[in-house]
Structures are given as structure tokens and as C-alpha cells.
Amino acid sequence: MDVSTYLWFLSLCTCLAHGKPTLRKERVLHEPELSRQPHEDNQSYQYDHEAFLGKEEATTYDQLTPEESKTRLGKIVDRIDSDVDGYITTDELKAWIKRVQKRYVYENVAKVWSDYDLNKDNKISWDEYKQATYGYYLANPKEFEDATDQFSFKKMLPRDERRFKAADLNGDLAAEREEFTAFLHPEEFEHMQDIVVLETLEDIDKNGDGHVDEDEYIADMFAHEDGGPEPDWVRTERDQFSDFRDLNKDGKMDLEEIRHWILPQDYDHAQAEARHLVYESDTDKDQMLTKEEILENWNMFVGSQATNYGEDLTRSHDEL
């Protein structure tokens with residue numbers, strides 16, 4: 001057994017040893033806010049900078065000269081213009097903001113990419129992933145016969161294959177970077193939502209009837225091991241189940257009710273910010289931005305030493 005497989009199996013055993021949580025488990029996937037900064041364009045563009053660049057990158061720009069910031073911004077604009085028509089639409093800007101906000105996901109994939117791209121062709125085939133992840137199990141299945149069924153390789157292998165095929169948009173069974181990112185982080189991609197909902201159902205549905213009843217819903221959050229009274233929050237969750245989760249009042253949740261629960265229709269922060277940036281920078285009011293319009297209003301998109309200094313002066317003046 002190689003080191004990576006051993007460590008994976010060790011983490012699997014840890015999951016088995018602590019399989020039932022005694023505290024609330026969070027399954028609901030909310031859209032994160034783009035920045036913790038207030039959105040106050042009359043005083044500061046810090047919210048816009050963090051939304052457009054990400055928090056860490058925005059801080060980097062604050063150390064650049066205005067000329068350096070504008071040069072880098074120009075290169076970013078070229079990347080945002082996905083159809084290379086010379087115009088930045090609201091949809092292109094929204095897609096960029098969403099990608100920036102999940103940069104950590106792409107960084108995570110970059111770290112593990114070489115572990116799976118065994119033939120170094122800059123793609124990861126299903127066979128490569130299967131060999132890297134399940135190779136030892138496939139060669140030595142008898143060693144895993146006693147593993148708990150819920151976490152067994154036998155159950156996880158077809159589940160991973162199903163998810164891989166859902167992420168593989170062109171159907172060639174070879175994942176490029178974006179496809180492999182969707183495979184490892186399906187919760188971050190709209191086209192993977194069906195898989196996220198289905199896997200949630202399978203995780204919680206212990207009796208295998210294709211639904212989640214109230215007891216299964218609670219058991220996913222709380223292990224009633226000591227026989228004492230349920231905590232108040234558990235009783236509240238039972239009320240939540242009957243009042244808001246079980247929409248058709250048949251005593252259980254189906255796939256659509258699970259979708260409604262874990263994928264609520266939140267406020268779309270990226271869409272709102274994209275519209276805001278277009279509105280504030282669109283000088284000819286054609287509802288699109290050219291590179292020139294963006295560079296003309298560059299300090300709304302990115303910071304620099306100058307804008308950072310100006311904000312410091314404003315902040316100091318307000319404090320006097």
C-alpha cells in the first residue's frame with residue numbers, strides 16, 4: 001500500500017471511529033459574501049476591489065503604483081473577455097467574480113493535479129483517477145472485506161465514477177482542469193447540483209427507500225447515544241422538518257425537497273456586483289464595457305498606493 005493510499009485509508013478509519021456526529025452538521029450551501037467590507041462607493045472602493053480581485057490579491061494591488069495597477073488590470077480584462085469580441089458583458093464579469101471568489105478551490109486542485117495526471121498529458125482520465133485512488137483496493141480486495149459498508153471502496157468507486165462522468169462535460173472520460181475541479185468540488189458548480197443533491201440523499205437515507213424521513217434527517221445531525229432528552233436545537237430542527245423541509249407533507253423529503261433545503265435561492269452577490277461595476281463604468285450606456293471604459297474607471301476595480309493613501313487620508317480625517 002503506497003503512502004497516499006495508507007493516509008487515505010487512515011483518514012477513512014478515523015471517519016469510521018467518529019462516524020456519528022453529536023453536533024449539528026451543516027449541509028446547506030449558501031452563496032458567500034464577496035467581501036466583509038462595507039459597500040460605500042462615495043468613500044472607498046475596497047468592497048469592489050475584494051469582489052473583483054479576491055481579498056489577498058486586492059491587498060497586493062494596494063502596494064503597486066497606479067501605472068502598475070492599470071497595466072495588470074488591462075491584462076485581466078483580456079482574460080475576462082471570453083469570446084474575444086472587445087466587450088465585457090455583465091455575464092462575463094459575473095463569471096470572473098465567481099471564479100475569483102473560489103480561487104482557493106482551483107489552488108487546491110493545482111496542488112493535487114500531479115498525483116492523478118499519471119501520464120502528464122495535462123488531463124486526468126477516469127482510469128488514471130481510479131488507479132491513483134483505488135488501485136490498491138482493486139489489486140487487493142480481500143483486505144477490505146471487513147470495512148463498514150457505508151464507507152467501503154465498493155460503494156465509493158461507482159459513486160466517484162458517476163460524479164466523474166457528470167463533471168466530464170464533453171464525455172471523453174478525460175477531465176481537464178475545470179472538469180476535474182467540478183469533480184472534486186461539485187458544490188461550486190451549477191451543472192453539478194443534481195449530483196450534490198443525489199449524494200446528500202444517499203448519505204442520509206439509511207433505509208434505502210429513496211427518501212429522507214424525519215428520523216434520518218435528525219440522525220444526520222445528532223447521535224442520540226446517552227438516552228437523555230434531546231437538546232432544544234434538535235427539537236427546533238424537527239419543527240423545521242415538518243414546517244419547511246417536508247413541503248408536500250408526506251412525512252419525508254424527496255430529491256426536489258432536498259434540493260430546496262440544501263440549495264436555497266440566495267441573493268446572487270456576484271450578479272449584483274457585476275451589474276454595479278458595469279453601471280458605474282459604462283460611459284456610453286450600451287450595457288457593456290470596453291477595456292478603455294474599465295481603465296478610465298480603473299480605481300473602482302483595483303487599488304494602488306495612491307488610492308490606498310487617499311483612503312487612509314479620508315479615514316484619518318473622519319476620525320478627527
Side-chain angles (χ1 to χ4, degrees), residues 30-108 110 177-178 181 188 190 266-320:
H30 291 288
E31 277 284 324
E33 292 189 14
L34 304 180
S35 170
R36 294 181 179 274
Q37 301 296 329
H39 209 167
E40 46 184 11
D41 288 338
N42 59 328
Q43 298 182 36
S44 167
Y45 293 129
Q46 202 166 357
Y47 180 98
D48 300 301
H49 297 168
E50 291 187 7
F52 184 74
L53 296 169
K55 186 174 182 179
E56 292 184 8
E57 191 70 4
T59 302
T60 299
Y61 272 73
D62 288 343
Q63 312 307 315
L64 302 177
T65 65
E67 292 73 22
E68 289 172 325
S69 287
K70 284 188 277 189
T71 298
R72 292 195 186 188
L73 175 59
K75 294 177 180 178
I76 290 176
V77 173
D78 293 336
R79 293 169 60 189
I80 298 174
D81 184 14
S82 57
D83 58 5
V84 199
D85 67 349
Y87 295 93
I88 304 299
T89 64
T90 300
D91 285 343
E92 287 174 321
L93 204 47
K94 173 186 172 181
W96 168 261
I97 292 170
K98 280 186 171 291
R99 185 179 180 89
V100 162
Q101 295 300 318
K102 55 189 179 189
R103 179 177 285 142
Y104 73 95
V105 170
Y106 292 97
E107 290 173 350
N108 171 262
R177 295 267 177 170
E178 191 78 0
T181 304
E188 300 288 350
E190 289 185 13
D266 289 342
Y267 178 73
D268 193 333
H269 297 281
Q271 176 78 11
E273 178 64 10
R275 288 174 174 170
H276 168 67
L277 291 173
V278 169
Y279 177 81
E280 294 295 336
S281 307
D282 182 20
T283 53
D284 62 6
K285 303 304 176 186
D286 63 352
Q287 299 184 358
M288 298 184 293
L289 299 180
T290 62
K291 179 185 282 190
E292 289 72 24
E293 287 175 320
I294 291 174
L295 293 178
E296 182 68 25
N297 197 26
W298 66 274
N299 63 335
M300 186 174 203
F301 292 82
V302 300
S304 72
Q305 292 172 345
T307 54
N308 199 36
Y309 178 66
E311 288 168 8
D312 287 343
L313 283 179
T314 302
R315 202 173 296 116
S316 298
H317 182 269
D318 290 342
E319 290 170 356
L320 292 177

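Remember, predicted model here, so these are calculated numbers, not experimental data.
The CD1 atom of Ile88 sits 5.5 Å away from atom CD1 of Ile80, with the distance rounded to the nearest 0.5 Å. If you take OG on Ser281 and CG on Leu93, they are separated by 8.5 Å, rounding to the nearest 0.5 Å. To the nearest 0.5 Å, the span separating NZ on Lys55 from CD on Gln46 amounts to 9.0 Å. Distance check, rounded to the nearest 0.5 Å: CD of Gln271 to NZ of Lys98 gives 8.5 Å. Put simply, CD on Glu57 and CG on Asp62 are 10.5 Å apart, with the number rounded to the nearest 0.5 Å. Within the model, atoms OH of Tyr45 and CD of Glu280 stand 7.0 Å from one another, a figure rounded to the nearest 0.5 Å.
Residues Ile97 and Ala274 approach most closely at CD1-N, 4.0 Å, considering heavy atoms. Nearest approach of Phe52 to Trp96, heavy atoms of both residues: O-NE1, 2.9 Å. Heavy-atom minimum distance, Ala51 versus Glu273: CB-CG, 3.8 Å. Shortest non-hydrogen contact noted between Gly303 and Ser69 is O-OG, 2.7 Å. Closest heavy-atom contact between Met288 and Asp282: O-OD1, 3.1 Å. Smallest separation of non-hydrogen atoms from Gly74 and Leu295: N-CD2, 4.0 Å.
The salt bridge (Lys or Arg N to Asp or Glu O under 4.0 Å) check on Lys94 picks up Asp268, with sequence neighbours excluded. Not counting sequence neighbours, the partners of Tyr106 by the side chain to side chain donor-acceptor pair (under 3.5 Å) test are Arg99, Glu178. Considering only residues two or more places apart in sequence or on other chains, Thr90 meets the side chain to side chain donor-acceptor pair (under 3.5 Å) condition with none of them. Scored by the side chain to side chain donor-acceptor pair (under 3.5 Å) test, Asp286 finds no partners at all (sequence neighbours excluded). Checked against side chain to side chain donor-acceptor pair (under 3.5 Å), Thr283 has the following partners two or more places apart in sequence or in another chain: Glu293.
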message = Does Phe301 form a side chain to side chain contact (heavy atoms under 4.5 Å, CB included) with Leu277? I'd like the steps, not just the answer.
response = CA-CA 8 Å; Phe301 292 82; Leu277 291 173; 4.0 Å; yes

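In this structure, the side chains of Glu188 and Gln101 stay at 4.5 Å or more apart for every pair of heavy atoms. Ile76 is listed as a side-chain neighbour of Leu53, based on a closest heavy-atom distance under 4.5 Å.
Trp298 contributes no side-chain N or O that, together with a main-chain N or O of Leu73, makes up a donor-acceptor pair within less than 3.5 Å. For the pair His49 (side chain) and Asn299 (backbone), a donor-acceptor distance under 3.5 Å is present. Judged by distance alone, with hydrogens and angles left aside, the side-chain atoms of Glu50 form no donor-acceptor pair with the main-chain N or O of Ala58 at under 3.5 Å.
Sorted by first and then second residue, the salt bridge (charged side-chain N to carboxylate O under 4.0 Å, His left out) pairs with a member in residues 66-93 read Asp78-Lys291; sequence neighbours excluded.
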